[in-house]
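Just so it is clear: chains get the letters A, B, ... in the order the sequence lines come, proteins before strands, and each one is counted from 1.
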Amino acid sequence: MNHDPTATSQKRRVVLGVRDVGDMDAPELPSESIPLNMGPSHPAMHGTVRMVLDVEGEKISNVDIQIGYLHRCFEKEAEHATYTQIFPYTDRLNYISPMLNNVGYAMAVEKLLGIDKKIPERAQYIRVIVGEMARISDHMTCLGAGAMELGAFTAFLYMLKAREWIWELLEEVSGARLTHSYMRIGGVSADLTEGFMPRLRDILTKSRVVLADVDKLLTRNRIFRDRMDGIGIFNKEDCAAWGVTGPVGRSAGLAYDVRKDHPYLVYDRLDFDVPIGSVGDNFDRYAVRVEEMNQSMRILEQAMDQIADGPVLVNDPRIVLPAKSETYNSIEAMIAHFKIIMDGIRVPAGEVYSFTEGGNGELGFYIVADGTGRPWKCRVRPPCVPAVALLEKILPGLFIADVVPTFGMINMIGGECDR
Amino acid sequence: MHMWETIKGSFEYGHPGFTGLSALIKIVYLMLAFGPGLASILTWMERRQSSLMQDRLGPNRANIGRFKAWGITHFLADALKFMVKEDFVPVKAHKFLFALAPVLALAPALIVAAIIPFGAPLCWGHLTEIVPTGTCGQAVDLQIARLDVGILFYFAISSLSVYGATLAGWSSYNKWAMMGGLRASSQMMSYEVTMGMAVLSMFLIYGTLEPGAMVAQQGYWPWQWGIWGIPTALSFFLFLTAAIAETKRTPFDIPEGEPEIIGYFVEYSGLRFGMFFLGEFIEIVFSSALMVTIFLGGWHLPFLDGLADRVPNIAFVLITHGAWIVKVFLFTGFQLLIRWSLPRFRSDQLMQLGWQRLLPVSIANVLITAGWILYSR
């Protein structure tokens, strides 16, 4: 049979039409974008946040992050509570490091009262100690949960084991495992328990071992690095413009740490470094947090060496409740107790913005006082909101699977974000 | 009386009745008792073993009266829970395929057991006598089907389980499940290629596809097993990697990936979910059994050469079967260890690993093995 190849190719050409074959790469398969609800009840969306993703295949083309599912009216409730009664509410802001919220709020009210320079030194050291313990537990929870969401369950449980030691000690000091309410305006509610220092030193030793274990499991793990490196890059300019602070901002190179730049309590007497990232990706955020835990341990050791005996509350009957023995045995103390409990601590009219370094960055309290025992306005600047907002810019172009580590390393805490 | 003799005659060695009955007994034992039984224990072992790795207690509470046994009975509690839970079917789900998918996930996992030799051949009629290897006239293989296609049968059947995952994802009418199904199909098909290539070099070395013959070629001494030798150790590693990807476990649990897309079985509950769950563990059992067969000497009890010449046939068979069980059990334990040590890949990284790393290595392995065999002849 006479076979003419040109005839076949001619025929094929008619069928297919003229194609441009200059680009030899495989063309992207045509795909339609579909909306996909991630959350509010999604395992990766801790603290209930909802992400409405537009995905093409598994690639995210657009994202709408909706926060507020954990809104509990902190600010409105605070207007109806006395200054002392607000402490339990602050426990529930960033609920993986409640002590730091306690410290931030107490310092704001003290600034309004004008007693921020009169807080006994021992109380200041105690605040630093319990605050840094809370920071370590905060970072352990964040990194552990982040690792678990990538499938590294063992690292998560190692971290939580170490966090549990810290929380047991905080429970011993404050009486509550999570809802410490340990701070008081003018100091702390009680002195450290006996044997606190040796136990804390012991915990630091054991925690270093745990951190080394987790480091072996994760830091040079190829799979872990592939999931973290170069994913979710925040740049310094964006962080500065959006107000992203804390480990997220520092990972992007924004060298801002309230403890260093605006020292409060006794941080100016303690020697510690502020780790700064260079890329701003998920791995940098992981590495910054790991190093911050090491620095917090350094701070704790120095604070334990420097702390001296002394009172833990200011000596001012208008602010501090009288001792229980006096309350029950003298009429004056009974009246003072009654007035502070019922009317609250009288804070002179004025407004204040006080900020401390929370677990996630600059934790600010803006309080307007009207001269009564209750704030006229109590506003929180939650450090994770700007980071969550910035996510809308970071996520498009990534895969659905990348949402998990990126969101995890932001450490968005529902209680703090939604208040 | 004559009829009775006929029936009795058909159950003598070599007659259809005997063959059928012995096959049935082997099927019931391996596919209904051993596989699901060990898989059930694995559901407990996975949690208990991981808890030991993670410095916590793990499940240790379930008991029957005072019988506690470290909580092994947790799998019974699980089974009971699966049975009494609401059988939820999404309103818009494709009812038939939704019901079919768990079956398609579970059945292939069981069927692949057919080719696996689980003990030395039984010598019918000479059970209590000493029967040296290869001298038995009435051997009953402890293997359900002695197929010449052997391992290929394993691949043919195990690749069917892709349908279970894909159809479950598609029929659930849920975008997350759909993604899980798509991920499952792409992953399982990709890794089957590597799996096949990895075992191809073993075919070249053994010169057979039949698992029973492979076991016979491996000796009693551990250094005579398939895993020793550079090409075979590489094959073992590749096969193990691909097998974990096939069973969809961490670090390859992308189709499930709980915190990402929850998985293709997100809409399943009760016994239907239980079937997926059990199917996964049965896959682990039999993929371990296959690896033990090809690479770890099958039912050979290490260091006891010439045992067949010393003990009665039935004792020899039971000992070798016991050795096989122990090997499979330890190997499943090893597979569980991997899960609790590594994080999970991303789907595109997984594809890259499969197609750009493992596949070229496995092809090179085949070529090197072929060249080596050619040279050594």
Peer 1: Residue by residue, scan residues 266-287 of chain B and write down, ordered by number, those that have a heavy-atom distance under 4.5 Å to chain A; if none do, write 'none'.
Peer 2: none

Peer 1: What part of Leu182(B) lies closer than 4.5 angstrom to a heavy atom of chain A: side chain, backbone, both or neither?
Peer 2: neither

Peer 1: Heavy-atom distance under 4.5 Å to chain A: side chain of Asp348(B), backbone, both or neither?
Peer 2: side chain

Peer 1: With a strict 4.5 Å heavy-atom criterion, list every residue of residues 41-55 of chain B that contacts chain A, or say none.
Peer 2: Met53(B), Gln54(B), Asp55(B)

Peer 1: Using non-hydrogen atoms only, which part of Leu150(A) is less than 4.5 Å away from chain B: side chain, backbone, both, or neither?
Peer 2: both

Peer 1: Could you check whether the rings of Trp340(B) and Phe153(A) sit parallel, tilted or perpendicular, using 30° and 60° as the cut-offs?
Peer 2: perpendicular

Peer 1: Listed by residue number, which members of residues 217-225 of chain A have a heavy atom under 4.5 Å from any heavy atom of chain B?
Peer 2: Leu217(A), Asn221(A), Ile223(A), Phe224(A)

Peer 1: Using non-hydrogen atoms and a 4.5 Å limit, figure out which bit of Arg346(B) sits close to chain A: side chain, backbone, both or neither.
Peer 2: both

Peer 1: Partners of Arg135(A) by salt bridge (Lys or Arg N to Asp or Glu O under 4.0 Å), sequence neighbours excluded?
Peer 2: Glu132(A)

Peer 1: Where is the tightest heavy-atom contact between Arg344(B) and Arg227(A), given as atom of each residue plus distance?
Peer 2: O-NH1, 3.2 Å

Peer 1: Would Val55(A) and Lys175(B) satisfy side-chain contact (heavy atoms from CB on, under 4.5 Å), going step by step from the backbone distance to the final call?
Peer 2: CA-CA 11 Å; Val55(A) 289; Lys175(B) 287 173 191 166; over 6 Å; no

Peer 1: Is the backbone N or O of Ser341(B) less than 3.5 Å from a side-chain atom of Thr154(A), with the two atoms forming a donor-acceptor pair by type?
Peer 2: no

